[in-house]
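Below is one structure; the comments refer to it alone.
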2 protein chains.
Amino acid sequence: MPLENIPDIVVGRLPRYLRTLTYLESQGKTVVSSQELGDDLGISAAQIRKDLSMFGEFGKQGTGYDIAFLRKQLRKILKVNRTWDVAVVGVGDIGSALARYQGFAHRGFQVRLLFDNNPSKIGHSISGITIQSIDEMETALKEAGIQIAMLAVPIQAAQEITDRLVEAGVKAILNYAPINISVPPHVHVQYIDPAIHLQHMTYYLESPED
Amino acid sequence: MPLENIPDIVVGRLPRYLRTLTYLESQGKTVVSSQELGDDLGISAAQIRKDLSMFGEFGKQGTGYDIAFLRKQLRKILKVNRTWDVAVVGVGDIGSALARYQGFAHRGFQVRLLFDNNPSKIGHSISGITIQSIDEMETALKEAGIQIAMLAVPIQAAQEITDRLVEAGVKAILNYAPINISVPPHVHVQYIDPAIHLQHMTYYLESPED
DNA sequence: TAGATTGTTAATCGATTAACAATC
DNA sequence: TAGATTGTTAATCGATTAACAATC
């Protein structure tokens, strides 16, 4: 029974389901049970069934889920049954790696625009995309109708650039700058900060100094 | 009243508190209330107080928290009041960016070893660290006593390399390969996959095709 | 058919929030 | 002192799990 208001924590698991299904399909599997999928993901079978049931009835009793079918449904639900153009702002080490990353294409994203404020970088290309001046950012974003940006600028610039992205119509920001950014309610932000994850894990490690 | 068993979800918030405190300190602030900290982080004041109270009494009624003091306590709790040596496995675009990333040093981590299986990369250096053959990985990890690895190899290699990392004594893995890896219970894994975050956000975007 | 597995409900579990006495 | 804010308890809220009828 599809609901209208799905908890964000459920939405956040869907991309993981999709990724695992894609992997299973690449391994030649065609059908999977909630139990198997859960084992792969470290999630309970009940939770997977409950999550999916919020969007429809995708499985078959006695059999499980048809992988190709469920993938298709999830891609539709997540709106990645199309390709989203993405901009990368800040073409340092992280920005360049994002521009070159081969993993986006199969998952619904294509890096289209690159921006940097360093004159020595402007005009150069990465993966066939010319780096533009950040002065042209708003114009270029609007012209390309881009809704998604990956932010890889220094901390001090992060909030100002964020404000400009929002002003240019960006609705989703993946922020690599290790700082919280403020955005209006209609704009979505996700954070990637490796040090946060490392520090989460060191809590559990034994430190000689203890 | 410090407890022995802290929920992992609480532990996961501590690095974010620490990061924000460091930022506030860099802005010249010396004291912060749970309310202000919460506003910055998008977390309720009550939750911050509750989380911190699991580890001790760090604040002062009527005043709030001394930033320098609370930072020190959190660094100790997270065991980043020291520097952890880290290995990067797979020196492609992501691995190189990690090797060059300046953001680790201040937060308790130093990249010490780099491994790749591509002969054309072995022997070359990044940030003063020589890339070693992956054949030497176990030996080098053990010799350096490294407990933390960042994994940036292709999907097909991820599980095999993981097994070898575990065998070599690694206890914490930050996995950039877009696949779930299996590890024994004593090994911690965190995942970074930008496409997962992007797909989480596209759920909420309006797609023309809808 | 018998066995397996879904979708869903109810029960449990855990996390967040509200409220306030204590106190700086 | 008066005002502010902590640490903590109890209440609320939400998420996960267990269980099972339905059914492929």
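Convention: sequence-line order gives letters A, B, ...; per-chain numbering from 1.
- In this structure, L52(B) atom CG and dT5(D) atom P are separated by 16 Å, rounded to whole Å.
- Atom pair D66(B):CG and dT5(D):C1' shows a separation of 15 Å (rounding to whole Å applied).
- Atom CD1 of I9(B) and atom C1' of dT16(D) are 12 Å apart (whole Å).
- By the salt bridge (Lys or Arg N to Asp or Glu O under 4.0 Å) test, R49(A) pairs with no residue at all, sequence neighbours left out.
- Note on residues 57-79 of chain A: no pairs pass ring-ring contact (aromatic ring centres under 6.0 Å, His included), not counting sequence neighbours.
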Base, backbone or nothing for each nucleotide of nucleotides 17-24 of chain C, written B, S, -, heavy atoms under 4.0 angstrom, 5' to 3'? BBB--BBB

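- Qualifying side-chain hydrogen bond (donor to acceptor under 3.5 Å, both in side chains) partners for D40(B), counting only residues two or more places apart in sequence or in other chains: none.
- With a cut-off of 3.5 Å on both pairing distances, the Watson-Crick and G-U wobble pairs of DNA chain C assemble into stems of 3 or more at C:3-24 with D:3-24.
- Atom CD1 of I48(A) and atom P of dA15(D) are 17 Å apart (whole Å).
- Separating the CE atom of M54(A) from the P atom of dT6(C) is a distance of 17 Å, rounded to the nearest angstrom.
- Between dG7(D) and Y65(B), a contact under 4.0 Å exists linking OP1 or OP2 to a side-chain N or O.
- Dense packing is recorded around CD of E136(A), with more than 12 heavy atoms of other residues, nucleotides or ligands lying under 6.0 Å away.
- What separates CG of L37(B) from C1' of dG7(D) is a distance of 16 Å, to the nearest Å.
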Output a table of nitrogen or oxygen pairs between the protein and nucleotides 11-14 of chain D separated by less than 3.5 Å.
none

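- Heavy-atom minimum distance, F115(B) versus A87(B): CE1-CB, 4.1 Å.
- One interatomic measurement links the two molecules: CG of D51(A) to C1' of dT6(C), which rounds to 15 Å at whole-angstrom precision.
- For K142(A), the NZ atom sits in a packed shell: over 12 heavy atoms of surrounding residues, nucleotides or ligands are nearer than 6.0 Å.
- Scored by the side-chain hydrogen bond (donor to acceptor under 3.5 Å, both in side chains) test, D85(B) finds R112(B) as partners (sequence neighbours excluded).
- The pair R164(B)-E160(B) meets the salt-bridge criterion, with a side-chain N (NZ, NE, NH1 or NH2) lying under 4.0 Å from an Asp/Glu carboxylate O.
- For the pair Q132(A) and L113(A), the minimum side-chain heavy-atom distance is below 4.5 Å.
- DNA chain C lies under 4.0 Å from no heavy atom of any residue of residues 26-34 of chain B.
- Under the rule for a side-chain hydrogen bond (donor to acceptor under 3.5 Å, both in side chains), H188(B) has no partner lying at least two apart in sequence or in another chain.
- For Q73(B), the side-chain hydrogen bond (donor to acceptor under 3.5 Å, both in side chains) test picks out no residue, with sequence neighbours left out.
- Of the candidates R82(A), K79(A), K76(A), S207(B) forms a side chain to side chain donor-acceptor pair (under 3.5 Å) with just one, namely R82(A).
- To the nearest angstrom, P of dG7(C) lies 9 Å from CZ of F58(A).
- The salt bridge (Lys or Arg N to Asp or Glu O under 4.0 Å) search around R13(B) returns D51(B), not counting sequence neighbours.
- Each side chain to side chain donor-acceptor pair (under 3.5 Å) pair with one or both residues in residues 88-111 of chain B, not counting sequence neighbours, appears once here: D193(A)-R107(B).
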